[in-house]
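Working notes, structure below.
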Amino acid sequence: MNDLTQLPAYPNDELENIALPGMIDLMIRDEDRVPRNVIDECARRGDTMVEQLSGLIEDSRDWWIEPAGEWWLKLHAVMILGLIPTERAGLLLVKFMRRMSREEDHDLQDWLASCWPALFQNKPESVLPALRALSEDRAVDWYIRTCAIEAVVAAARRQGSDALESALEWLAGIVANEEEDWDLRLCSGNTLLDFPRIQYRPLLEGMVERQSGWGVHFSQDDVRQAYAAMQDKADWNRFGDPWKFYLPSEIAARKQCWKKEDAKKDAGEWDEDYGYDETFLHEPYARAEPKIGRNDPCPCGSGKKYKKCCLDKD
């Protein structure tokens with residue numbers, strides 16, 4: 001059984017009296033063990049906290065040479081911004097995504113994979129043009145663009161049927177565009193398949209014919225099943241609560257995982273290519289024909305994640 005007694009704990013009234021720089025120092029010190037009430041207190045301070053966090057984006061230092069606590073601070077910053085329902089918080093999230101792409105911080109991208117629709121769900125519509133511009137910016141990494149696209153479609157779904165149909169038409173245009181990145185088109189095809197519309201079926205079937213090997217994101221069976229059910233079923237819904245990260249049980253599970261990894265390293269059994277498997281953070285999800293996600297085990301049987309094995313080859 002995991003030991004929860006050693007986790008940091010702070011009374012709410014104590015947190016209320018800590019100035020913003022002190023809250024930042026606290027999160028840096030506690031790294032991935034920050035309690036949820038710390039994040040809530042930061043979010044409660046609204047745009048004052050947004051202004052404080054904006055320095056993380058504008059800082060010119062290389063993200064990769066920072067101590068572990070400052071790296072974790074970036075993840076906490078995203079989680080805090082996701083709780084603040086203002087335009088400034090939403091626009092800073094978009095800037096954060098751009099910086100993650102520029103820094104090629106794939107570790108941070110992996111921790112936040114599929115969480116972006118939830119992180120933007122309380123933001124005003126005035127944020128959407130910036131989010132859509134990010135989705136269309138070919139100077140940005142294809143994976144970050146995919147995350148932005150999911151958030152755009154999720155926002156349109158909340159606005160109603162007309163907005164959703166317009167967003168799906170826009171998405172189909174990205175999937176059909178031969179000048180677009182192939183990985184982006186495949187992932188966008190996955191999203192389009194989650195919202196089956198008759199007019200896009202030929203496009204998706206044509207995409208199936210062009211996939212081969214281990215890089216098959218969706219098959220003809222996936223297309224048939226989706227159009228037989230004709231139900232909207234967004235794949236990102238299973239990651240609807242990014243703030244589970246702060247549950248004591250999740251913190252303890254990570255602590256146990258770090259301990260096992262350290263033991264493997266000490267024993268000379270650690271392979272850096274395998275990396276850390278954070279799938280325990282998310283609830284199990286059953287699917288008749290599993291999609292091959294960037295963080296999923298590679299189907300070739302290597303034991304590595306797909307992104308670190310056959311994705312680049314495919």
Side-chain angles (χ1 to χ4, degrees), residues 27 39 42-43 47 49-64 66 70-158 167 170-171 174 180-181 183-188 190-191 234-236 239-243 245 278 281 293-295 307:
M27 289 187 285
I39 303 303
C42 289
D47 281 339
M49 178 58 72
V50 174
E51 183 65 28
Q52 182 78 22
L53 295 177
S54 66
L56 293 175
I57 309 303
E58 297 164 359
D59 192 334
S60 61
R61 289 182 300 172
D62 189 335
W63 285 21
W64 293 102
E66 293 181 342
E70 294 193 20
W71 186 88
W72 283 110
L73 177 61
K74 296 175 178 59
L75 184 142
H76 300 317
V78 170
M79 296 294 194
I80 292 166
L81 292 171
L83 290 172
I84 299 176
T86 66
E87 179 183 275
R88 291 183 66 188
L91 293 177
L92 189 57
L93 271 181
V94 174
K95 288 183 178 180
F96 219 112
M97 296 175 81
R98 287 187 178 275
R99 182 71 186 268
M100 286 167 56
S101 172
R102 188 166 71 248
E103 297 288 343
E104 298 183 350
D105 192 339
H106 299 303
D107 290 336
L108 190 55
Q109 292 178 33
D110 291 342
W111 279 102
L112 297 168
S114 296
C115 294
W116 296 101
L119 293 166
F120 279 99
Q121 68 181 354
N122 62 352
K123 302 301 184 286
E125 292 183 20
S126 56
V127 173
L128 294 181
L131 192 59
R132 187 157 173 166
L134 174 62
S135 304
E136 297 172 345
D137 189 347
R138 297 182 188 177
V140 175
D141 173 75
W142 69 268
Y143 189 67
I144 287 293
R145 292 178 64 196
T146 298
C147 294
I149 286 170
E150 289 184 346
V152 168
V153 176
R157 190 183 191 187
R158 292 190 296 271
W170 165 75
L171 179 59
I174 292 174
E180 277 288 6
D181 182 276
D183 290 311
L184 175 74
R185 295 174 66 194
L186 286 175
C187 290
S188 297
N190 269 328
T191 301
D235 190 50
W236 60 73
F239 306 103
D241 183 12
W243 300 276
F245 180 90
E278 67 272 17
L281 291 173
R294 183 179 150 105
N295 294 313
K307 67 181 181 184

- Message: Applying side chain to side chain contact (heavy atoms under 4.5 Å, CB included) to H76 and C42, what does each step give before you reach the verdict?
- Response: CA-CA 10 Å; H76 300 317; C42 289; over 6 Å; no

- Task: Give the minimum heavy-atom separation between R98 and D137, together with the two atoms involved.
- Result: NH1-OD2, 2.7 Å

- Query: What's the spacing between R145 CZ and M97 CE if we round to 0.5 Å?
  - Reply: 11.5 Å

- Out of curiosity, K95 NZ to L134 CG, how far, rounded to the nearest 0.5 Å? 13.0 Å

- Note on the structure: In terms of heavy-atom contacts, Y143 and A113 come closest through OH-CB, 3.2 Å

- Given L112, L53, V78, the one that forms side chain to side chain contact (heavy atoms under 4.5 Å, CB included) with F96: V78

- Message: Once rounded to the nearest 0.5 Å, what's the spacing between atom CH2 of W243 and atom SG of C115?
- Response: 8.5 Å

- Query: Quick check: does any side chain N or O of S188 sit under 3.5 Å from a backbone N or O of R185, one acting as donor and the other as acceptor?
  - Reply: no

- Would L93 and V127 satisfy side chain to side chain contact (heavy atoms under 4.5 Å, CB included), going step by step from the backbone distance to the final call? CA-CA 10 Å; L93 271 181; V127 173; over 6 Å; no

- Begin with the C-alpha distance, continue with both residues' side-chain angles, and end with the deciding distance and a verdict on side chain to side chain contact (heavy atoms under 4.5 Å, CB included) for W116 and L131. CA-CA 11 Å; W116 296 101; L131 192 59; over 6 Å; no

- Query: To the nearest 0.5 Å, how far apart are CD1 in I174 and CD1 in I149?
  - Reply: 4.0 Å

- Test item: F120 and V94 side chains (from C-beta on) under 4.5 Å apart, heavy atoms: yes

- To the nearest 0.5 Å, how far apart are CG in L75 and CE in M27? 11.0 Å

- Task: Could you pull out the closest heavy-atom pair between A77 and L56, with the gap in Å?
- Result: CB-CD1, 3.6 Å

- Query: Is the CD atom of Q121 crowded by more than 12 outside heavy atoms at less than 6.0 Å?
  - Reply: yes

- Just say parallel, tilted or perpendicular for the rings of F245 and W72, cut-offs at 30° and 60°. tilted

- Dump the intermediate steps for side chain to side chain contact (heavy atoms under 4.5 Å, CB included) on R138 and D181, then the final yes or no. CA-CA 8 Å; R138 297 182 188 177; D181 182 276; over 6 Å; no

- Task: State, to 0.1 Å, how close L108 and M100 come at their nearest heavy-atom pair, and which atoms those are.
- Result: CD2-CG, 3.8 Å

- Message: With a 3.5 Å distance limit and no angle check, can you tell me whether K123 reaches the backbone of I84 through a side-chain donor-acceptor pair?
- Response: yes

- Message: So, taking the atom named CG in L186 and the one named CD in E180, what distance separates them when rounded to the nearest 0.5 Å?
- Response: 12.0 Å

- May I ask you to decide whether K74 forms a salt bridge with E103, counting only side-chain N to carboxylate O separations under 4.0 Å? no

- Compare every heavy atom of L83 with every heavy atom of N122, then report the nearest pair and how far apart it is. ND2-O, 3.4 Å

- A89 and L81: which non-hydrogen atoms are nearest, and at how many Å? CB-O, 3.8 Å

